[in-house]
Amino acid sequence: MKIVVLDGHTLNPGDNPWDKVEELGELEIHDRTAPDQLLRRASGAQVLVVNKTPVRRDALAKLDSLRFITMAATGYDCVDVDAAGERGVAVSNVPVYGTDSVAQYTMAALLELCHHVALHDKAVKNGEWAADPDWCFWRTPLIELRGKVMGIVGYGRIGRKTAELGHALGMDILAYDPFPGPAPDYEPFAWAELEELFTKADVVCLHSPQTPDNAGFINEALLKKMKPNAFLINPARGGLVKEADLAEALNRGWLAGAAVDTVSQEPIKRDNPLLGAKNILVTPHMAWATMEARRRLMRQVAENIAAFKEGKPINVVNERFLAGVERV
């Protein structure tokens, strides 16, 4: 069985070996794959391992040997899962590997917005404290989170973990999810409609997958409903947010700050309006990438391939489109 990794560098930049995957077949690894390289590299492969390389309908139609795609990620919007299913190609993701890491990043971003630790560290090292007559100073408002409202958009595994951390800091939790599961056993917690959540929350955390139905749903109208002292944090998908609208909201003071780990085009383009916006943290899609999370991800990629090889694929995201999956 030929297994081709299309974009393996972020999963293994040299510290996270492919040994478990290599045990399952003939392995070919590419750190990155450009669009014009896709067909040549994927030709003859029964299995593709994909992180962010687009695999669309036109390419799938030409990959006659392909039987299985496993994402090296939770999100799978870069693969045309409908077209794959129509060709009998199962697509699996890795739903649980970065829950704790992404929730931890969300809180790190929120705490930075509350205390601006890096800014004050720089001020001290630049001599500002030494030159100050007082025993302490601060250059930004400092914010305590107890009693504030955290709004969670997308109350799945990561959203729930983030809410637990917010609750541990004394925050009230509001959650929106189009398919709500059971409520947690702590209080205060409440379900809310989207507009209500944006109106009431002191911080809104996005933990939703991106779909054709919700692309760009964070727009001017929704941002204007936020409190002027509220924060928006997006470690989910950049395409959920209309970036020009968010930049305008920050520059006009419709909300106090934001942190984004994802943008609509990655790597970020130099003309992205968020780069010139006020009081925003922009990080390079790193929330998922702790060593611990990447090791879990590597193990699960191997488990996905092994299960497919046994004819019992797991974590399949396009089952309703599958005509059938051959055992190889």
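Owing to the predicted nature of the structure, the values given are computational and were not obtained by experimental measurement. Here, residue 1 is the first one in the sequence, and each next residue gets the next number.
Using modelled atom types, one side-chain atom of K309 and one backbone atom of L24 make a donor-acceptor pair closer than 3.5 Å. A donor-acceptor pair under 3.5 Å links the side-chain atoms of N12 to the main chain of D15, judged by distance alone. Remark: the backbone N or O of A277 is not paired with any side-chain donor or acceptor of N251 at under 3.5 angstrom. A donor-acceptor pair is defined here as one N or O able to donate and one able to accept, closer than 3.5 Å; no such pair exists between the side chain of D134 and the backbone of C136. Between the D202 side chain and the K148 main chain, no donor and acceptor come within less than 3.5 Å of each other. Remark: the backbone N or O of Q46 is not paired with any side-chain donor or acceptor of S65 at under 3.5 angstrom. Using a distance-only test at 3.5 Å, with no hydrogens or angles considered, no donor-acceptor pair links the side chain of N93 to the main chain of Y76. Using a distance-only test at 3.5 Å, with no hydrogens or angles considered, a donor-acceptor pair links the side chain of D80 to the main chain of A83. Side-chain atoms of E243 come within 3.5 Å of backbone N or O of S264 as a donor-acceptor pair. Proximity of a side-chain donor or acceptor of D77 to a complementary backbone N or O of P209 within less than 3.5 Å is not detected.
Scanning for salt bridge (charged side-chain N to carboxylate O under 4.0 Å, His left out) contacts around K224 gives E220, with sequence neighbours left out. Partners of R296 by side-chain hydrogen bond (donor to acceptor under 3.5 Å, both in side chains), not counting sequence neighbours: none found. Every residue two or more places apart in sequence or in another chain that forms a salt bridge (charged side-chain N to carboxylate O under 4.0 Å, His left out) with D100 is listed here: K161.
Here the OG1 atom belonging to T53 is positioned 9.5 Å from the CD atom belonging to Q37, to the nearest 0.5 angstrom. Interatomic distance, I218 CD1 to L194 CG, rounded to the nearest 0.5 Å: 6.0 Å. Note that CG of L222 is 8.0 Å distant from CE of M226, once rounded to the nearest 0.5 Å. The CE atom of M150 sits 4.5 Å away from the CE atom of M171 when rounded to the nearest 0.5 Å. If you take CZ on F68 and CD1 on I3, they are separated by 10.0 Å, rounding to the nearest 0.5 Å. Between the CD1 atom in I29 and the CG atom in L11 there is a gap of 9.5 Å [rounded to 0.5 Å].
The shortest side-chain heavy-atom distance between M107 and L169 falls under the 4.5 Å cut-off. Looking only at side-chain heavy atoms (C-beta outward), R32 and H9 come within less than 4.5 Å of each other. Taking the side chain as every heavy atom from C-beta outward, F231 and C114 approach each other to under 4.5 Å. The shortest distance between side-chain heavy atoms of V5 and T33 does not fall below 4.5 Å. Between L206 and L232, the closest side-chain pair of non-hydrogen atoms falls below 4.5 Å. Contact annotation: the side chain of L281 approaches that of E112 to within less than 4.5 Å [non-hydrogen atoms, C-beta and beyond].
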Exercise for review: Applying side-chain contact (heavy atoms from CB on, under 4.5 Å), run through W288 and L297 and close with a yes or a no.
Suggested key: CA-CA 10 Å; W288 67 281; L297 179 54; 3.8 Å; yes
Review point. When you look at E196 and K225, which way does the salt bridge (charged side-chain N to carboxylate O under 4.0 Å, His left out) test go after all the steps?
Key: CA-CA 9 Å; E196 178 190 7; K225 295 183 180 297; over 6 Å; no
Check your understanding: After noting the C-alpha distance and the side-chain angles of T262 and R237, does the key distance pass the side chain to side chain donor-acceptor pair (under 3.5 Å) rule?
Key -> CA-CA 5 Å; T262 57; R237 284 291 182 267; over 6 Å; no
Practice item. Start with the C-alpha gap between H207 and I152, add the side-chain angles, then the distance that decides, and say whether side-chain contact (heavy atoms from CB on, under 4.5 Å) holds. Key: CA-CA 7 Å; H207 295 297; I152 305 289; 4.2 Å; yes
Point to revise | side-chain contact (heavy atoms from CB on, under 4.5 Å) between V260 and L274, worked out | key: CA-CA 9 Å; V260 300; L274 296 180; 4.1 Å; yes
Point to revise | Test side-chain contact (heavy atoms from CB on, under 4.5 Å) applied to I314 and N304, step by step | key: CA-CA 6 Å; I314 58 176; N304 280 356; 3.4 Å; yes
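Between D7 and K52 there is no salt bridge, since none of the side-chain N atoms of the basic residue sits less than 4.0 Å from a carboxylate O of the acidic one. Ion pairing of D121 with K125 is present here, as a side-chain N (NZ or NE/NH1/NH2) and a carboxylate O approach within less than 4.0 Å. Between E303 and K20 no salt bridge is recorded (no basic side-chain N to carboxylate O distance below 4.0 Å). Taking 4.0 Å as the cut-off between side-chain N and carboxylate O, R57 and E86 count as a salt-bridged pair. A salt bridge does not link K200 to D172: none of the charged nitrogens lies less than 4.0 Å from a carboxylate oxygen.
For the residue pair T283 / D261, a side-chain donor-acceptor distance below 3.5 Å is found, with atom types taken as modelled. Residues Y105 and T290 have side chains that never bring a donor and an acceptor to within less than 3.5 angstrom of each other. Side-chain polar atoms of N51 and T10 form a donor-acceptor pair below 3.5 angstrom. S92 and N315 share no donor-acceptor pair across their side chains, judged by distance under 3.5 Å alone. Checking T99 against R157 by side-chain atom types alone, no donor-acceptor pair falls below 3.5 Å.
Counting heavy atoms of neighbouring residues, nucleotides and ligands inside a 6.0 Å radius, atom CH2 of W129 does not exceed 12 of them.
Between G98 and A293, the shortest heavy-atom distance links the atoms CA-CB, 4.2 Å. Listed here is the closest heavy atom pair of A45 and V4: CB-CG2, 3.6 Å. Of all heavy-atom pairs between K278 and L250, the closest is O-CB, 3.5 Å.
Taking hydrophobic clusters as Ile, Leu, Val, Met, Phe, Trp and Tyr residues chained together by side-chain heavy-atom distances below 4.5 Å, L165 does not share a cluster with Y176.
The aromatic rings of H120 and F137 sit tilted relative to each other, their planes meeting at an angle between 30° and 60°.
In this structure, the ring of F189 has its center less than 6.0 angstrom from the ring center of Y155.
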